Amino acid sequence: MEDFLKDLNEQQKQAVLATEGPVLIIAGAGSGKTRTLTYRIAYLINKQIAKPSEILAVTFTNKAAREMKERLQTLLGNQVIPLWMGTFHSVCARILRIEAEKIGLSRNFTIYDVDDSVRALRKILSSKGLSPQKFNPKVVQNRISRLKNQFILPENLLEQEFEDEYDEVVAEVYKAYQAFLKQNHALDFDDLLIRPIQVFDEYPEIKTKYNNKFRYILVDEYQDTNHAQYLLLKRLLNPQKNLCVVGDEDQSIYGWRGADIQNILNFNRDFPQAKVFKLEENYRSHSNILKAANAVVKNNKSRLGKNLWTKKADGPKIRLVIAEDEVDEARKVVEIIHDEMYTYKRSFKDIAILYRTNAQSRALEDQLRRNAISYNIIGGVKFYDRKEIKDVLAYLKVLVNPADSVSLRRIINFPLRGIGETTVNKIERFAEIEHITLFDALGRVDEVANISATMGNRVKQFHEMMVKFMALKDELNAVELASTLVSEAGIMHHYQTEYDQYESESRIENIKELFTTMDQFAHERQKENRESDLAAFLEEVSLLTDIDTWNESSNAVTLMTLHSAKGLEFPVVCITGLEMGLMPLQRSSADLEELEEERRLFYVGMTRAMESLYLTYANRRRRYNSGTFNTPSVFLDEIPGELIEYRSKKRGSRSTGAVKKRRTAREKKLEAYFHNNDDNQDRGDEFFVGQKVYHETFGKGQILQLEGSGEKMKITVHFFRDDITKKLIKKFANLSPLEE
DNA sequence: CAGCTGTATCTTTTT
DNA sequence: GATACAGCTG
């Protein structure tokens, strides 16, 4: 054990040894952050400073937790280590499950994802007679989520003075939404964080229990914590305040989700006695990559500042690849892959292709398929978002929590059994009057007015089937229960007889895969001596992150968003779509803070690369219906010219120079083309992209896109007040330019 | 009530 | 270019 401290550099060792009191570890990209955290935990256990059960370690993804546990086991000699390790959300769910009875919560609560929340909100909005045009359920969901992240509860909100009608409606809907969740024994993602805070405030004995239990708390990726998570941490801390947070302000990329970069920037102010350690030696990347990344992120103002360095060689220059459009870009990515494979003997799994938006994966996938390059795609249409999987899960959710009316509505007429919307609404009204759940009302369908005998029988049949399976819940294990249910409810039959044979097969495959996953889950949980029932499985599934389902062992090129790439590394990284409007995104370009976050995102992408980094952009790109013409990302200009070289189409003929300093003939031609086009669009018009404008009804906004010309020109404007984007015809819009 | 068809809206990133 | 929803028909 003494020995293993030799694996650490001086700063890392200091960070491991400073076990007492608050500690901030500023860990640059690739500086051995995970290693330091793991060794710190191993040290605490090995020196018997803490028992494993007294340690809480919060990670950003479940995958990170899994990997850290494995490394810990290796370090400590293969014992099973019963410590709490997981994401904020899963740790909170675990606490809530344990304390459920004391705090008047059903132990079998359901976790609603964003989709479920939006469904619930749509219903609430319509019951209040609010038009979904004006009050978009998604926007309302977003607002409510923001409020929850700030730990602003409906009761605090209702006392306030409102600036506009929108806020007023959101406050009212928020309150109704919380009541709805309560009725359904459901919590949304944000509630998972908020409820424990409330519980700790309301029940001091529960707070004390966890204060005594968790004597040592560690938090990874601290730069991406939100205010609610911060408040939760404050409550978990006992007077010794043995809190160790690890983070890198340059990698804070979740501000849009409510993450507060100030948490890390102000750690010293929160804990004046905190010890601060900086890990600045990078073990991952060639020097050129690091220099380029440093030069980019240096342009940000919101940072503590650090100087990441490496002992590694310069390595190849960063290769810039210019494509004509997204198809050409994808072809060039294929060339890069071939090049790296033949010249440097890489395998598929050494290579990652990163992009800003999931939509960009399509063109890339097409070309990879054509060239028989196997690939793994992370995010996008997720396994657990597939219709057939959601259907099966909805059945299981109802079995576990019959009060969950969102899931119940999803399955009551799937597969079709002749129970339509009208009937369900009648029964629901009855349930409201009787103050019972929708599910229980199904059993009393005879008492509901205006329902025919045939219809009543259908409803009763469904209800009886579900009741039967609920009774079986304790006799069968999760997989047995699920597979029996899937065949008896007619789901299997429904998909087997689907017209599209290919579709049908893949759906059945997916359902089978779900069962396999359930099985694996049960085994893993049993090893740790934790519960493995259906409720536990559903909770696990609800809280999976994109990266958690990634099969790392397969030899395939990896495709994912820049966000998903955080924490990973690859010998070869290719960042695509480096154009204005896409990276940075149009709507994040105007606001300084948002622009800095985009820059950090680019920085995260660059620092994933160990040996080779390729950057690509396309002069033209199809974006849903229309094409756009693009200029290179401003971030490319921030890379010093001597670190970058053009990679032209012909292998071996490479020219050097900064982005705008030297151009090939084709480049010049493309640029000329671009400028001409620009001129055509702009000539005689007073509007341009990025311009601030004013509209009679919508107020102030900013132009995102211009299409066509003259009176018929279509202008896409994002209006700030209502956070809406509208496409307007110039002739009718009556927009006036704002001077700024 | 089921099933079909046309249209609107979306795409920024995700626990 | 997909998906969800409204509106229609049988």
Side-chain angles (χ1 to χ4, degrees), chain A residues 58-64 86-93 111-115 117-119 122 126 132-133 136-139 141-142 145 148-149 187-193 221 224-226 228-229 252-259 354-363 378-382 384-385 387 413-425 452 454-455 458 499 539-548 560-566 577 581-589 594 597-598 600-602 604-605 622-626 704 716 718 724-727:
Chain A
V58 184
T59 56
F60 197 69
T61 63
N62 299 297
K63 179 172 173 280
T87 62
F88 267 107
H89 288 86
S90 62
V91 166
C92 286
I111 299 169
Y112 278 178
D113 63 15
V114 176
D115 196 62
S117 297
V118 169
R119 266 167 210 264
R122 191 171 286 136
S126 84
Q133 275 81 31
N136 182 322
K138 279 186 187 159
V139 174
Q141 191 277 332
N142 206 298
S145 176
K148 288 185 174 182
N149 284 170
L187 300 177
D188 66 18
F189 286 138
D190 307 307
D191 287 339
L192 290 175
L193 305 175
E221 307 282 8
D224 283 320
T225 50
N226 64 32
Q229 290 164 338
S252 164
I253 54 173
Y254 284 95
W256 55 272
R257 200 172 78 183
L354 310 180
Y355 37 77
R356 179 66 178 83
T357 67
N358 281 309
Q360 285 165 256
S361 73
R362 185 176 304 264
I378 294 170
V381 184
K382 295 161 208 140
Y384 288 98
D385 276 349
K387 188 186 173 297
N413 202 26
F414 174 83
L416 295 174
R417 45 175 78 85
I419 307 171
E421 183 75 22
T422 329
T423 310
V424 178
N425 285 339
S452 71
T454 358
M455 190 60 74
R458 289 175 187 163
Y499 47 94
E539 174 188 306
E540 165 103 350
V541 166
S542 305
L543 299 178
L544 282 178
T545 66
D546 278 342
I547 213 85
D548 294 333
M560 68 184 128
T561 62
L562 288 158
H563 280 91
S564 295
K566 190 171 77 160
L582 195 57
M583 182 77 241
L585 272 173
Q586 193 74 259
R587 56 189 305 177
S588 304
S589 309
E594 286 180 39
E597 182 155 311
E598 296 283 308
R600 290 193 290 267
L601 195 52
F602 182 46
V604 166
R622 280 179 73 90
R623 292 256 254 158
Y624 30 135
N625 44 10
S626 61
L704 298 183
T716 311
H718 177 251
I724 48 166
T725 301
K726 291 211 168 280
K727 195 180 266 192

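Just so you know, these numbers come straight off a predicted model, no measurement behind them. Convention: sequence-line order gives letters A, B, ...; per-chain numbering from 1.
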Polar atom pairs (N or O), protein with nucleotides 2-8 of chain B, under 3.5 Å:
from, atom 1, to, atom 2, distance (Å)
B:dA2, OP1, A:Asn413, ND2, 3.4
B:dA2, OP1, A:Gly418, N, 2.9
B:dA2, OP2, A:Asn413, ND2, 3.1

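Closest contact between the side chain of A:His563 and the listed nucleotides B:dT11, B:dT15, B:dT14 involves B:dT14. Closest to the A:Arg362 side chain, of the nucleotides C:dA2, B:dC1, B:dT14, is C:dA2. With distances taken from any side-chain atom of A:Arg356 to the nucleotides B:dT13, C:dC5, B:dT15, the minimum falls on B:dT13.
For A:Glu421, the salt bridge (charged side-chain N to carboxylate O under 4.0 Å, His left out) partners at least two apart in sequence or on another chain are A:Arg409. For A:Tyr254, the ring pair (Phe, Tyr, Trp, His ring centres under 6.0 Å) test picks out A:Phe60, A:Trp256, A:His563, with sequence neighbours left out. Evaluation of the salt bridge (charged side-chain N to carboxylate O under 4.0 Å, His left out) rule for A:Lys138 yields no partner, not counting sequence neighbours. Applying the salt bridge (charged side-chain N to carboxylate O under 4.0 Å, His left out) rule to A:Arg458 yields no partners; only residues at least two apart in sequence or on another chain are considered. The salt bridge (charged side-chain N to carboxylate O under 4.0 Å, His left out) search around A:Asp190 returns none, not counting sequence neighbours.
In this structure, A:Leu582 atom CG and B:dT12 atom C1' are separated by 9 Å, rounded to whole Å. Rounded to an integer number of Å, the gap from A:Phe414 CZ to B:dC1 C1' is 17 Å. Note: CG (A:Asn136) to P (B:dT9) measures 10 Å, nearest angstrom. Atom NZ of A:Lys566 is separated from atom C1' of B:dT14 by 11 Å (rounded to the nearest Å). If you take OH of A:Tyr355 and C1' of B:dT14, they are 14 Å apart, rounded to a whole angstrom. Look at CG on A:Asp224: it is 12 Å from P on B:dT15, rounded to the nearest Å. One atom, NZ of A:Lys387, and another, C1' of C:dA4, lie 13 Å apart when rounded to the nearest Å. A:Phe189 places its CZ atom 12 Å from the P atom of B:dT14, with the value rounded to the nearest Å.
Checking the phosphate oxygens (OP1, OP2) of B:dT15, no side-chain nitrogen or oxygen of A:Thr61 falls inside 4.0 Å. At the phosphate of B:dT14, OP1 or OP2 sits under 4.0 Å from a side-chain N or O atom of A:Ser564. Considering only side-chain N and O atoms, A:Asn358 lies under 4.0 angstrom from the phosphate OP1 or OP2 of B:dT13. Between A:Arg122 and C:dC5 there is a side-chain N or O to OP1 or OP2 distance below 4.0 Å.
The main-chain N or O of A:Asp113 is never found under 3.5 Å from a side-chain atom of A:Asp188 such that the two would form a donor-acceptor pair.
In this structure, A:Met455 reaches the sugar-phosphate backbone alone: every heavy-atom distance under 4.0 Å involves primed, P, OP1 or OP2 atoms, never a base. The residue A:Thr422 sits close only to the backbone: its heavy atoms come under 4.0 Å of sugar-phosphate atoms, none of a base.
Mapping A:Arg257 and A:Thr423 onto DNA chain B by nearest heavy atom places A:Thr423 at the nucleotide closer to the 5' end. In terms of position on DNA chain B, the residue among A:Glu598 and A:Phe88 whose nearest nucleotide sits closer to the 5' end is A:Glu598.
Using modelled atom types and a 3.5 Å distance limit, the side chains of A:Glu539 and A:Ser542 yield no donor-acceptor pair.
By the 5.5 angstrom centroid cut-off and the 30-degree plane limit, A:Trp256 is classified as not stacked against the base of B:dT12.
Looking at every heavy atom in both residues, A:Leu582 comes nearest to A:Gly577 through CD2-O, 3.7 Å.
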